[in-house]
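Data block below; observations after.
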Protein chains: 2
Amino acid sequence: MNQTKQKVKEQFHLFLSKKGLKATLQRSLILDAFLGLDRSTHIDELYLLLRGRHSNIGHATVYRALRLFAAAGIAREVNLGDGLTRYEVAGGKRRDYLVCNDCGTVTEFENSTIARHQAELARNLGFTVQSLKIELRGICGNCQERQG
Amino acid sequence: MNQTKQKVKEQFHLFLSKKGLKATLQRSLILDAFLGLDRSTHIDELYLLLRGRHSNIGHATVYRALRLFAAAGIAREVNLGDGLTRYEVAGGKRRDYLVCNDCGTVTEFENSTIARHQAELARNLGFTVQSLKIELRGICGNCQERQG
DNA sequence: AATACAATGATATTCACTTTCAAGCCATCA
DNA sequence: TGATGGCTTGAAAGTGAATATCATTGTATT
């Protein structure tokens with residue numbers, strides 16, 4: 001067991017007891033699966049993953065658990081405009097997204113140069129920045145090769 | 001009539017005849033309304049706006065026209081994660097978005113410092129960048145005051 | 001163990017987007 | 001001009017992901 005993951009679990013438990021909510025088997029399993037993925041995911045992906053292992057977890061439960069993780073500050077919602085709500089582990093490094101307009105592939109990478117400028121601009125406008133998302137759209141390397 | 005808008009209309013007409021599509025009254029009205037707004041909009045906003053003036057324009061027609069504008073390269077889709085698909089006039093200056101997590105207000109502002117970084121990012125990742133979206137979330141000035 | 005109440009999960013609902021299809025309109029050709 | 005073919009329209013129906021419902025089950029506390 002990774003030490004960071006253990007900390008996140010403790011954070012989640014603390015959140016639950018503070019709010020008078022309960023630690024259930026399902027929430028534990030979903031959190032494990034969520035932390036086990038080192039990239040953004042969405043409800044159905046987690047649902048199918050867990051469904052394969054534990055046939056007793058419902059779609060609605062995964063949905064509610066992810067929102068709960070977000071409320072607890074251990075997950076972050078990401079929307080890339082493909083109709084799905086994605087979630088990624090919060091607190092990690094910032095992620096930027098490269099979305100291919102041709103094949104739809106989403107590549108994630110880390111970068112921080114742009115972020116600083118924007119956050120500063122926002123502050124000048126009296127806006128307290130809580131999160132920043134940068135999304136680049138274009139044609140990925142594979143699709144460029146395919147097209148010649 | 002603004003000269004830029006006139007050019008866009010000609011561009012659209014050219015696109016239509018190239019594709020064997022037809023110039024209709026509805027498309028003309030929707031394009032006028034779209035160009036008349038100097039900010040991003042969404043289907044229902046345009047629909048209601050036009051509905052007030054011309055009771056004969058349907059929801060589906062507005063929807064199809066906006067997609068057509070995007071295909072013609074005169075509109076760009078913007079998704080801010082609130083469940084709505086927004087459209088803005090393409091070819092204008094880049095827009096960044098400030099979304100308030102409290103009241104949901106979307107503030108748009110212009111900024112050009114980012115443009116420089118695009119080419120560099122593209123080279124490094126083998127990715128041809130077609131568009132860049134930057135979205136900041138946080139608490140807007142009004143909500144900060146309200147909260148003390 | 002009993003109690004109170006939160007959680008679950010199958011199902012139903014919502015909401016925006018998208019498609020369908022019969023009727024109407026536009027551009028072209030004789 | 002008038003007819004023809006096919007694109008367009010708009011009301012209505014369909015789609016899919018997100019969200020709500022509700023009876024049942026599970027959890028934590030007394």
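The structure presented is a predicted model; accordingly, all values stated were derived computationally and were not measured.
For R27(B), the salt bridge (charged side-chain N to carboxylate O under 4.0 Å, His left out) test picks out no residue, with sequence neighbours left out.
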Worksheet item: Between I74(A) and F15(A), is a side-chain contact (heavy atoms from CB on, under 4.5 Å) present by the stated rule, with each step listed?
Response: CA-CA 10 Å; I74(A) 66 184; F15(A) 174 83; over 6 Å; no
Fill in: side-chain contact (heavy atoms from CB on, under 4.5 Å) between L35(B) and T4(B), intermediate numbers included
CA-CA 10 Å; L35(B) 295 176; T4(B) 307; over 6 Å; no
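Rounded to an integer number of Å, the gap from CG of L68(B) to C1' of dC17(C) is 17 Å. Atom CG in L66(A) sits about 15 Å away from atom P in dA7(C), given to the nearest Å. Straight-line distance from the OH atom of Y47(A) to the C1' atom of dT19(D): 16 Å, rounded to whole Å. The distance from atom CD1 of I43(A) to atom P of dA20(D) is 12 Å, rounded to the nearest whole Å. Following rounding to the nearest Å, I57(A) (CD1) and dT25(D) (P) show an atom-to-atom distance of 18 Å. Atom P of nucleotide dT8(C) and atom CZ of R67(A) are separated by 15 Å, given to the nearest angstrom.
Here CG of L66(B) is found 11.0 Å from OG1 of T61(B). Values are rounded to the nearest 0.5 Å. We find the NZ-NE2 distance between K18(B) and H13(B) to be 14.5 Å, quoted to the nearest 0.5 Å. Atom OG1 of T85(B) is separated from atom CZ of R67(B) by 8.5 Å, given to the nearest 0.5 angstrom. To the nearest 0.5 Å, the span separating CD1 on I43(B) from CD1 on I30(B) amounts to 10.5 Å.
A salt bridge is absent between E10(B) and K5(B): the closest approach of a Lys/Arg side-chain nitrogen to an acidic carboxylate oxygen does not fall below 4.0 angstrom.
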Give every pair of a protein N or O atom and an N or O atom of nucleotides 11-16 of chain C that lie under 3.5 Å apart, one pair per line with the distance.
{"unit_1": "dA16(C)", "atom_1": "O3'", "unit_2": "G83(B)", "atom_2": "O", "d": "3.3"}

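Against DNA chain D, the stretch residues 18-31 of chain B makes heavy-atom approaches under 4.0 Å through G20(B), L21(B), K22(B), T24(B), Q26(B), R27(B).
Residues Y87(A) and F69(A) are not in side-chain contact: their nearest non-hydrogen atoms beyond the backbone lie 4.5 Å or more apart.
With hydrogens and angles left out, the side chain of R64(B) and the base of dT20(C) share a donor-acceptor pair within 3.5 Å.
Taking only side-chain nitrogens and oxygens, Y63(A) comes nearer than 4.0 Å to OP1 or OP2 of dT19(D).
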